[in-house]
Amino acid sequence: MGVSNVVSVLLFLVITNLSNQNIKGIDAFHQIYEELQSESVESVNHLHRPNFHFQPPKHWINDPNGPVYYKGLYHLFYQYNTKGAVWGNIIWAHSVSKDLVNWEALEPAIHPSKWFDIGGTWSGSITIVPGKGPIILYTGVNQNETQLQNYAIPEDPSDPYLRKWIKPDDNPIAMPDYTMNGSAFRDPTTAWFSKDGHWRTVVGSKRKRRGIAYIYRSRDFKHWVKAKHPVHSKESTGMWECPDFFPVSLTDFQNGLDLDYVGPNTKHVLKVSLDITRYEYYTLGKYDPKKDRYIPDGNTPDGWEGLRFDYGNFYASKTFFDYKKNRRILWGWANESDTVEDDILKGWAGIQVIPRTVLLDSSKKQLVFWPVEEIESLRGNYVRMNNHDIKMGQRIEVKGITPAQADVEVTFYVGSLEKAETFDPSFTFEPLDLCKIKGSNVKGGVGPFGLITLATPDLEEYTPVFFRVFKDTKTHKPKVLMCSDARPSSLKQDKGPLAKDRMYKPPFAGFVDVDMADGRISLRTLIDHSVVESFGALGKTVITSRVYPVKAVKENAHLYVFNNGTQTVTIESLNAWNMERPLQMNEGAL
Ligand code: DQQ
């Protein structure tokens, strides 16, 4: 490389680094620690290990791949390191379930073995092709580190377990052309069949700093041609990983739609995972199948400030249509927030969040998410509370369940919003900044109120999940902030200045689009040792945090309801359950 090239590379790095500093999000890219990728796991530490979230017995996992419902079984594939607890040596691991709760691990579906994937078998999807059965589309990396799109077929499509997969020699099915970025071309979506006789799939990419979703068409699922224009792109958003593109109904708010559904009363959702900050956003919009263009509605931002499936530790998500129950289900990966050294010591890293149904909210302005009903089969011991006032500064303990492994649903009644703080126009509109300044201990008018999870009785450690209601002087409507704040979650400190030695204990936040006309707001939180997964206002705003308390663990963890606002808040109803461990969670294989 000549001197001028070196200078331009350095300049580019400085500029991108500078411009990224203003963009908030979680860790950038999969951190690559070559020396640690194959460090074998001696034993598995269970202290913070979730009990009812999807996990293999050990090692690193990331993106959910597939998923699909086929011949009576739910299949989940996922990115898995066969050798250690950090990212690397990635294959497609494979599990099946009859109920989305209990999981049986099967042998891995695909691993690097051919010239078109010897450098990696990365994320992708499954499509059920009539007459052929399920077909995997995935990204292979070749030995020059160019990303290619490949397909794989089951050896025996009549086997509901789809145990063995073949990678035909006529792969790859798509290669980057000279106009494209070969190291940013990945994660093909589930394909759909259109009336014009073509299958279509979307592949994530970027050109310079522009995030891109390319669309490919095929008549036979083998020969794919890139459409002239990307289906959508957006400047300054960087690489679009794991795009997801699906229709939602504008009239039926109970059922999901399959990808090939065509009808007048639909909108499309385009979700992309932003590699620069490792968070995702989605837009609602209109897809024109003739022009193969997607145009966002324009009601919500198409970029960094966009709506999110989950405002917390959640990435590389993927939906699928469940033919059994006519619903669209979302899977997403929640990474660890612990130090890399401790990930290796505990022998595992990464979980899949509880699968969630996805529907358009009746406001038609956003989606709503809710844990699949099957998860309720794990509910055990149960306590309830009704019509209980919590005055300012009060904290009430929820006793009689196991607070480190629980499902809690609360409906708060706040009555009048008179005392709500004014939404100061000088506030930055970023919910995260607001949550940073106005934590759970900062007294307010209406709120902060909510749950204190994984806490010690003296609050040396705790993870609060709460609402704070403001009066928006511009709209004259309440502006509701929801926070899940990991800052006080653990006494554990960083082990050093490097990224791998740091604990990630951020506050996460989102606004909740409710008018609270009836004075009520609900919160549901699933707590699973190091997971705090919360659904505000029946799933309008969702936040997942990963936390590693030192003292508030297992039977030493406590759960409280609190209010730090001058307005008394009533617990209209609270139902809390112990959550049991599923009978089967991938034991054995791998
Ligand atoms: N993870 C995969 C990629 C994808 C990224 C590699 C997202 O295919 O873009 O493990 O987390």
Side-chain angles (χ1 to χ4, degrees), residues 25-34 37 56 59-67 76-94 108-112 116-126 136-142 145-152 172 174 176 180-190 201-206 211-214 237-245 271-281 308-310 313-319 330-337 349-353 544 546:
I26 41 187
D27 290 349
F29 193 63
H30 293 299
Q31 300 287 346
I32 299 179
Y33 305 110
E34 269 179 38
Q37 279 178 358
H59 291 174
W60 163 278
I61 71 169
N62 57 285
D63 321 0
N65 294 153
L76 180 65
F77 303 79
Y78 56 97
Q79 299 272 287
Y80 177 69
N81 182 350
T82 48
K83 295 188 180 148
V86 300
W87 187 85
N89 310 305
I90 293 291
I91 61 152
W92 273 50
H94 182 193
I110 44 182
H111 60 270
F116 49 79
D117 68 7
I118 198 67
T121 46
W122 289 7
S123 288
S125 59
I126 294 204
I136 287 178
L137 292 177
Y138 73 99
T139 298
V141 184
N142 71 11
E145 300 195 355
T146 299
Q147 295 165 18
L148 315 164
Q149 310 318 317
N150 299 318
Y151 76 107
M180 295 157 71
N181 181 339
S183 55
F185 175 51
R186 54 184 181 268
D187 310 335
T189 64
T190 303
T201 182
V202 170
V203 183
S205 189
K206 71 167 176 185
I212 298 180
Y214 290 116
T237 48
M239 172 65 194
W240 282 2
E241 297 188 309
C242 303
D244 200 18
F245 190 49
K271 182 275 309 182
V272 294
S273 305
L274 300 176
D275 190 22
I276 297 179
T277 48
R278 302 249 116 191
Y279 69 64
E280 313 187 321
Y281 81 92
R308 300 207 221 159
F309 288 178
D310 186 313
N313 185 336
F314 179 89
Y315 195 68
S317 68
K318 192 150 209 60
T319 64
L330 168 72
W331 281 101
W333 161 53
N335 196 3
E336 301 308 302
S337 312
I351 58 156
Q352 307 297 348
V353 298
T544 301
R546 299 297 314 276

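Each ligand, and each atom within it, is numbered from 1 in the order the structure gives.
Between Trp60 and Trp333, the ring-plane angle classifies as perpendicular under the 30° and 60° cut-offs.
Residue Met239 places every heavy atom at 4.0 Å or more from ligand 1. Look at Thr139 and you'll find every heavy atom at least 4.0 Å from all atoms of ligand 1.
A cation-pi arrangement is present between Arg308 and Tyr279 under the rule of less than 6.0 angstrom and at most 45 degrees off the ring axis.
Ligand 1 has no nitrogen or oxygen under 3.5 angstrom from a nitrogen or oxygen of Trp333. Distances between N or O atoms of Asn62 and those of ligand 1 include at least one value under 3.5 Å.
Nearest approach of Arg546 to Asn313, heavy atoms of both residues: CG-ND2, 3.4 Å. In terms of heavy-atom proximity, Tyr78 sits nearest to His94 at CE2-N, 4.3 Å. Considering all non-hydrogen atoms of both residues, Gly124 and Asn65 come closest at N-ND2, 3.6 Å.
Interface of Ser123 with ligand 1, defined as ligand atoms under 4.0 Å from a residue heavy atom, comprises 2 (C), 8 (O). Within ligand 1, counting atoms from 1 as listed, the ones closer than 4.0 Å to a heavy atom of Asp63 are 1 (N), 2 (C), 3 (C), 4 (C), 5 (C), 7 (C), 11 (O). Taking a cut-off of under 4.0 Å to the non-hydrogen atoms of Tyr315, the atoms of ligand 1 that pass are 7 (C), 11 (O). Close approach of ligand 1 to Asp187 (heavy-atom distance below 4.0 Å) involves ligand atoms 3 (C), 4 (C), 8 (O), 9 (O). Each of the atoms 2 (C), 6 (C), 10 (O) of ligand 1 lies under 4.0 Å from some heavy atom of Gln79. In the vicinity of Trp122, heavy-atom distances shorter than 4.0 Å reach the ligand 1 atoms 3 (C), 6 (C), 8 (O).
Between the side chains of Thr139 and Gln149, a donor-acceptor pair is found at a separation under 3.5 Å.
Ion pairing between a basic and an acidic side chain is recognised when a charged N comes within 4.0 Å of a carboxylate O; Arg186 and Asp275 show such pairing.
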